[in-house]
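Since the structure comes first, as structure tokens, the remarks are kept for the end.
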Amino acid sequence: MNKQIVIIGAGPAGLIFSLLSSTSNNSISLVESRQAFERKNDKRALALSASSRYILEKIDIWNNIEDKIIPIKSIHTSQKGTFGRSKLRADEFNTEALGYIIAYGDLIAALEEKVRIQNKIKLFYEAKVEKIDDITDDKQKIICHQANKLLTLDCNLLVLADGGHSRIDGLNIAKEEKVINHLAIVTQVHSDKPHKNIAFERFTSSGPIALLPNHKGAYSLVWTGPKDKINNLVALDKKIFLKALQEEFGERAGQFKSCEKRISFSLVQSSIVTIHNKNVVAIGNAAQIMHPVAGQGLNTGLRDALSLSDLIISNEAIQSSDELIKSYLESRRVETESMLKITEGLTTLFTNDFIGINRLRGLALAILDCTPILKKKFVQKMSYGK
Ligand SMILES: Cc1cc2nc3c(=O)[nH]c(=O)nc-3n(C[C@H](O)[C@H](O)[C@H](O)COP(=O)(O)OP(=O)(O)OC[C@H]3O[C@@H](n4cnc5c(N)ncnc54)[C@H](O)[C@@H]3O)c2cc1C
């Protein structure tokens with residue numbers, strides 16, 4: 001049975017899912033509320049894993065974005081105040097890179113261009129989905145606002161790829177949310193040392209700091225910590241901010257000389273427990289939001305998109321949407337739960353200040369550094385989710 005699929009949200013998860021599914025005979029509509037300009041100018045640095053590269057190659061996008069990508073050749077993890085540290089190098093694992101950095105906006109621009117050229121997906125831009133209504137058990141009506149006009153779309157499979165923040169009347173979703181009460185600052189930082197494709201992760205008692213190699217020798221900084229601390233850091237004069245960063249980060253990445261505009265995001269960890277509506281499924285951040293500590297949010301979301309599209313394509317003739325959704329949820333359960341546990345574990349373990357814990361964490365990093373099998377398992381999990 002051919003499906004009428006409506007996807008809410010043209011972020012990376014929604015766009016990639018639409019492209020992966022477009023080889024089927026289903027009708028696909030994609031609805032996005034924000035303006036293209038805003039999304040294409042989002043400079044957030046995403047760390048793509050090997051599995052995300054595979055997915056982008058599958059939809060024939062990788063070649064188009066290669067010049068926008070910075071490969072990560074090594075990852076340096078350390079902890080403020082102890083000697084333990086771990087260094088992972090791509091050549092130890094016979095791989096070209098441990099990950100790839102791309103700006104959110106560059107990825108969106110390439111994906112949208114592909115959707116446009118392909119001409120198989122119906123696009124509804126600057127249209128906000130506000131309500132869903134059940135017409136029958138097998139059919140839903142999606143009600144959107146587009147430039148002061150009402151737009152309605154019928155579907156028998158609704159894919160939520162809205163990032164998990166929108167309010168849509170008629171949706172009945174039970175979520176498990178953990179309040180972290182932390183924020184993340186993101187900005188570009190320039191230092192006096194070339195980055196040489198090294199990514200740094202530094203754990204401090206108030207939260208992790210990541211420096212990701214970026215274009216023109218700059219680093220993308222993601223500094224997470226308690227709300228008050230991060231709000232103060234955003235308000236600081238640039239020079240004092242760089243001094244504070246230097247103090248927390250140390251000298252490994254050289255002397256920080258300048259930074260660009262600082263933007264802060266609030267951090268949540270949440271995952272869907274049940275969607276009570278029929279024929280509705282969620283992928284990407286709409287399904288689970290993770291702390292950015294391990295850079296796994298997007299990568300997990302893209303594997304969601306791949307699993308769902310694979311099931312749609314391989315079961316085109318037989319399955320009802322409900323059967324399909326059941327198989328999909330079963331296929332994603334173990335990986336999603338383990339990724340949520342890993343990211344949560346990393347943030348709580350490394351931000352705990354009990355006496356003695358600091359030294360144990362240093363020891364853990366030192367053990368990881370000199371145990372090849374542990375390193376291999378860790379890289380495998382971060383690259384492929386398995
Ligand atoms: C500070 C920070 C750093 C991060 N760093 C990394 C990293 O290094 N690596 C990594 O893998 N991940 C990272 N992430 C996570 C990553 O940004 C997300 O996982 C990713 O953007 C999720 O993609 P998505 O397509 O699911 O959702 P989104 O990118 O949020 O896209 C959702 C889309 O849906 C649209 N939408 C919402 N509601 C509606 C509606 N009602 N109607 C129509 N359209 C709607 C929105 O406008 C948006 O375009 C980071 C996140 C943060 C906050």
Side-chain angles (χ1 to χ4, degrees), residues 6-18 29-36 38-40 42-49 51-52 70 72 99-105 107-108 111-112 123-132 142-146 151 153 158-171 180 182-187 199 201 207-214 220-225 230 262-270 282-305 339 343 382-383 385:
V6 170
I7 306 162
I8 306 180
L15 281 163
I16 288 172
F17 171 73
S18 72
S29 304
L30 183 57
V31 188
E32 168 58 48
S33 57
R34 283 195 295 160
Q35 293 185 343
E38 194 188 329
R39 292 177 312 122
K40 289 180 187 169
D42 190 327
K43 300 218 161 27
R44 184 186 318 175
L46 300 173
L48 301 172
S49 65
S51 70
S52 293
I70 304 283
I72 300 176
Y100 306 88
I101 303 297
I102 187 165
Y104 184 99
L107 180 59
I108 293 289
L111 291 167
E112 285 197 354
L123 293 170
F124 299 90
Y125 278 167
E126 294 177 46
K128 186 169 187 206
V129 177
E130 296 189 330
K131 195 171 175 200
I132 73 163
I142 312 300
I143 299 149
C144 326
H145 243 109
Q146 190 184 36
L151 172 77
L153 301 167
L158 175 62
V159 179
L160 300 174
D162 63 346
H165 294 299
S166 65
R167 287 186 197 287
I168 299 170
D169 279 355
L171 267 186
I180 309 177
H182 275 210
L183 298 179
I185 298 185
V186 288
T187 183
E201 180 103 39
I209 304 175
L211 279 179
L212 308 170
N214 217 318
S220 285
L221 169 74
V222 185
W223 186 348
T224 60
I230 298 294
R262 284 156 281 168
I263 297 167
S264 67
F265 293 79
S266 39
L267 299 176
V268 278
Q269 171 151 319
S270 80
I283 59 171
N285 268 28
Q288 65 276 318
I289 302 182
M290 295 177 191
H291 191 291
V293 62
Q296 289 301 310
L298 178 75
N299 297 308
T300 306
L302 299 198
R303 290 193 290 267
D304 289 346
M339 276 300 175
T343 48
M382 294 297 124
S383 303

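Atoms within a ligand are numbered from 1 in the order they appear, just like the ligands themselves.
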With atoms numbered from 1 as shown, which atoms in ligand 1 lie under 4.0 angstrom from a non-hydrogen atom of [X]?
X: A47; value: 7 (C), 8 (O), 9 (N), 11 (O)
X: V186; value: 1 (C)
X: G284; value: 26 (O)
X: V31; value: 43 (C), 44 (N)
X: N285; value: 18 (C), 19 (O), 22 (C), 26 (O)
X: A161; value: 32 (C), 33 (C), 34 (O)
X: I8; value: 40 (C), 42 (N), 43 (C)
X: N299; value: 11 (O)

Taking the side chain as every heavy atom from C-beta outward, state whether [X] and [Y] have any pair of such atoms under 4.5 Å apart.
X: R262; Y: L221; answer: no
X: Q288; Y: M339; answer: no
X: I72; Y: P213; answer: yes

Smallest separation among heavy atoms of [X] and [Y], with atom names:
X: P208; Y: H291; answer: CG-CE1, 4.1 Å
X: Q146; Y: Y125; answer: NE2-O, 2.9 Å
X: I283; Y: A13; answer: CD1-O, 3.7 Å
X: I108; Y: L15; answer: CD1-CD1, 3.9 Å
X: N214; Y: A45; answer: ND2-CB, 4.2 Å
X: A287; Y: D304; answer: CB-OD2, 4.2 Å

Provide, to 0.1 Å, the distance between [atom] and the closest protein heavy atom, together with that atom's residue and name.
atom: atom 16 (C) of ligand 1; answer: L46 CD2, 3.9 Å
atom: atom 38 (N) of ligand 1; answer: S166 CB, 3.1 Å
atom: atom 34 (O) of ligand 1; answer: G9 CA, 3.2 Å
atom: atom 53 (C) of ligand 1; answer: F265 CD2, 3.6 Å
atom: atom 41 (N) of ligand 1; answer: V129 O, 3.1 Å
atom: atom 4 (C) of ligand 1; answer: P292 CB, 3.8 Å
atom: atom 30 (O) of ligand 1; answer: G163 CA, 3.6 Å
atom: atom 39 (C) of ligand 1; answer: S33 OG, 3.9 Å

Could an N or O of ligand 1 be found under 3.5 Å from any N or O of [X], whether backbone or side chain?
X: L298; result: yes
X: R34; result: yes
X: P12; result: yes
X: I168; result: no
X: A13; result: yes
X: R39; result: no
X: R44; result: yes

Among L153, D162, I142, I7, find the residue that satisfies the side-chain contact (heavy atoms from CB on, under 4.5 Å) test when tested with V31. L153

L46 pairs by side-chain contact (heavy atoms from CB on, under 4.5 Å) with which of N299, L107, I101? L107

For ligand 1, is A45 a contact, meaning one of its heavy atoms is under 4.0 Å away? yes

Taking 4.0 Å as the limit for heavy-atom contacts, which would you say applies to I289 with ligand 1: side chain only, backbone only, both, or neither? neither

Residue portion contacting ligand 1 (non-hydrogen atoms closer than 4.0 Å) for A127: backbone

side-chain contact (heavy atoms from CB on, under 4.5 Å) assessment of H165 paired with I289: CA-CA 10 Å; H165 294 299; I289 302 182; 3.9 Å; yes

Taking the minimum heavy-atom distance to atom 48 (C) of ligand 1, which of H291, Q35, E32 ranks first? E32

For the backbone of V6 and the side chain of S29, can you confirm whether one donor and one acceptor N or O come within less than 3.5 Å of each other? no

Measuring from atom OG1 of T224 to atom NE2 of H182, what distance do you get when rounded to the nearest 0.5 angstrom? 7.0 Å

With sequence neighbours excluded, residues passing side-chain contact (heavy atoms from CB on, under 4.5 Å) with E126: Q35

Going by the rule ring-ring contact (aromatic ring centres under 6.0 Å, His included), which residues pair with F124 if we only count those two or more places apart in sequence or in a different chain? none

